[in-house]
Protein chains: 2
Amino acid sequence: MIQAHAVRLFVERGYDGTTVNDVAEAAGVSPMTVYRHFPTKEDLVLVDQNGPLVAERIAATPAGQPLVRRIGSALVDSARTLTAGDDRFLLARLRLMISTPALRARHLDNHYVLQQAIVDGLGDEAADPDTAFQAEAAASACLAAMHTALVRWAKDDGRTDLPDLIAKALAAAFGDNTPTGDHAERSAT
Amino acid sequence: MIQAHAVRLFVERGYDGTTVNDVAEAAGVSPMTVYRHFPTKEDLVLVDQNGPLVAERIAATPAGQPLVRRIGSALVDSARTLTAGDDRFLLARLRLMISTPALRARHLDNHYVLQQAIVDGLGDEAADPDTAFQAEAAASACLAAMHTALVRWAKDDGRTDLPDLIAKALAAAFGDNTPTGDHAERSAT
DNA sequence: CCCGACTTGTTAGTGACTACCAGTGCGATA
DNA sequence: TATCGCACTGGTAGTCACTAACAAGTCGGG
């Protein structure tokens, strides 16, 4: 609820133009309460806890396929789940994250946590360090491609289908091996 | 020179344990001067301007090859150039960047600039938005894989060959199409 | 009725960062 | 030589994110 007020104010006055005190006042609480629930101002926008969701999807993929394929399909599926509900709030947060340097940086850093969740979700094969390294490389590359899709999605104001965009980004990076699911040719041009 | 003092102090007392005033005092200048040369404290560690270098290498690759191959070989080449000189300072800065959350975030954000440099370096093919999107996806994925290699390199205290590590990360992410150059099997286990 | 856990609020800091203003060499011009 | 910019440096005061320490309320269980 505090977060809702925060995002609203950030959109209205800009991130840097809004102080934590403003957010606290708008939410009707003291600044300390805000800091207690959101350790940093950035956390008022960045509360991604879909790591477990992605890890679960990863674990559900057949282990025989190549890494980027398993990770990619899990990401596309997760995106489909997340965009099923409230596009609006997600888009507003994403736009803030992209336009504000501090938020953009922290968001990318969060990929690190997500990357570890993915590697863990891959399971058994994280035994020896060399295999773990390969998993990390594949996961980080997939996440980066997904992030490119997110930026594009925000630039299109969420009009295009996000899972489709992610699939396209993955295809562009890793070749057309990734399962793009059902994507008829769009007319984005 | 201010930067050298800063990195030294950061390594000695930790990033958060060192104030900008400490750096200024150690360098024999006023805090204001430090802020003038390095707009933020993070910039005391993060002064990467090898974007042009990478872009130049990109432009020098044959245009017929797939994107990730062109970008990958350019990154490997650039890494070879950069590690040819002073490993020590580079490694110290990298270790700071990885261990300090604020620096890690900013460093990842800098990849954004580098990504644009890569896309620009690819040249003509950035004409229509769909092609540009594919280039961005490929570039971001390659940079993420490289970053994974950088982390591993720092973890190994720079004992392994960085270009080799990057090539391995790229191979793990994109398959073995990328030119790994000369990498005999190591015994990292 | 009391006691302990949880949440919230207040106060006084630290430290990064930003105006605004002032002094200092230094080359170019008259 | 005197004067005019011009780049660099320094001081002062302030904003704001964030922290530590302590007070106070709420609430369920003995």
Side-chain angles (χ1 to χ4, degrees), chain A residues 1-49 92-110 112-113, chain B residues 1-49 92-110 112-113:
Chain A
M1 181 231 317
I2 292 177
Q3 192 196 21
H5 279 283
V7 172
R8 180 177 55 79
L9 288 180
F10 290 161
V11 170
E12 287 176 13
R13 317 180 193 173
Y15 180 77
D16 291 326
T18 309
T19 71
V20 177
N21 284 24
D22 293 340
V23 174
E25 194 176 355
V29 296
S30 88
M32 277 307 304
T33 304
V34 177
Y35 281 120
R36 246 181 278 267
H37 288 282
F38 304 89
T40 74
K41 186 184 180 183
E42 293 142 6
D43 288 319
L44 283 166
V45 181
L46 306 160
V47 275
D48 278 2
Q49 57 245 38
R93 279 178 44 213
L94 186 57
R95 209 146 22 189
L96 273 174
M97 286 191 279
I98 291 172
S99 60
T100 309
L103 291 177
R104 193 175 50 212
R106 273 289 308 267
H107 174 64
L108 290 171
D109 190 43
N110 281 359
Y112 220 75
V113 179
Chain B
M1 181 231 319
I2 292 178
Q3 191 195 23
H5 280 282
V7 172
R8 181 177 55 80
L9 287 180
F10 289 160
V11 170
E12 287 176 13
R13 316 179 193 173
Y15 180 77
D16 291 326
T18 308
T19 72
V20 177
N21 284 24
D22 293 341
V23 174
E25 194 176 355
V29 296
S30 88
M32 282 302 306
T33 305
V34 177
Y35 282 119
R36 243 180 279 270
H37 288 282
F38 304 89
T40 73
K41 185 183 180 184
E42 292 142 5
D43 288 318
L44 284 166
V45 181
L46 305 160
V47 274
D48 276 1
Q49 57 244 39
R93 278 178 45 212
L94 186 58
R95 212 152 14 197
L96 273 175
M97 286 191 277
I98 292 172
S99 59
T100 309
L103 293 176
R104 192 176 49 212
R106 275 289 308 266
H107 173 64
L108 290 171
D109 190 42
N110 282 359
Y112 222 75
V113 180

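All values below were derived from every heavy atom in this structure, side-chain atoms included, with hydrogens, water molecules and symmetry-related copies excluded. Lettering follows sequence order; numbering is per chain, from 1.
Rounded to an integer number of Å, the gap from A/Arg36 CZ to D/dA24 P is 15 Å. Rounded to an integer number of Å, the gap from OH of B/Tyr15 to P of C/dG15 is 14 Å. Straight-line distance from the NZ atom of A/Lys41 to the C1' atom of D/dT19: 17 Å, rounded to whole Å. One interatomic measurement links the two molecules: OH of A/Tyr35 to C1' of D/dC18, which rounds to 5 Å at whole-angstrom precision. Across the protein-nucleic acid pair, A/Met1 atom CE and C/dT7 atom P stand 14 Å apart, rounded to whole Å. The distance from atom CG of B/Asp16 to atom C1' of D/dC18 is 12 Å, rounded to the nearest whole Å. Spacing between atom CD1 of B/Ile2 and atom C1' of D/dG10 amounts to 13 Å, rounded to whole angstrom units. Rounded to whole Å, atom P of D/dA17 lies 12 Å from atom CG of A/Leu103.
OP1 or OP2 of C/dT8 lies within a sub-4.0 Å distance of a side-chain N or O belonging to A/His37.
The residue among A/Glu42 and B/Val34 whose nearest nucleotide of DNA chain D lies closer to the 5′ end is B/Val34.
Of all nucleotides listed (C/dG9, C/dT18, D/dC18), C/dT18 comes nearest to the side chain of B/Met32. Checked against D/dA17, D/dG11, C/dT8, the side chain of A/Thr33 finds its nearest nucleotide in C/dT8.
A donor atom on one side chain and an acceptor atom on the other are not found under 3.5 Å apart for A/Arg104 and A/His107.
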### Task
Apply the test side chain to side chain contact (heavy atoms under 4.5 Å, CB included) to residues B/Glu12 and B/Leu9: give CA-CA distance (whole Å), side-chain angles for both, the deciding distance (0.1 Å), then the verdict.
CA-CA 5 Å; B/Glu12 287 176 13; B/Leu9 287 180; 4.0 Å; yes
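Within 6.0 Å of CD in B/Gln3 there are more than 12 heavy atoms belonging to other residues, nucleotides or ligands.
Residues from residues 19-31 of chain B that place a heavy atom under 4.0 Å from any atom of DNA chain D, listed by number: B/Val29, B/Ser30.
Atom OG1 of B/Thr19 and atom CD of B/Glu25 lie 8.5 Å apart (nearest 0.5 Å). From A/Tyr15, atom OH reaches atom OG of A/Ser99 across 11.0 Å, with rounding to the nearest 0.5 Å.
At least one side-chain heavy atom of B/Thr40 sits less than 4.5 Å from a side-chain heavy atom of B/Arg106.
For the side chain to side chain contact (heavy atoms under 4.5 Å, CB included) criterion with B/Leu96, the lone passing option out of B/Leu46, B/Leu103, B/Leu44 is B/Leu103.
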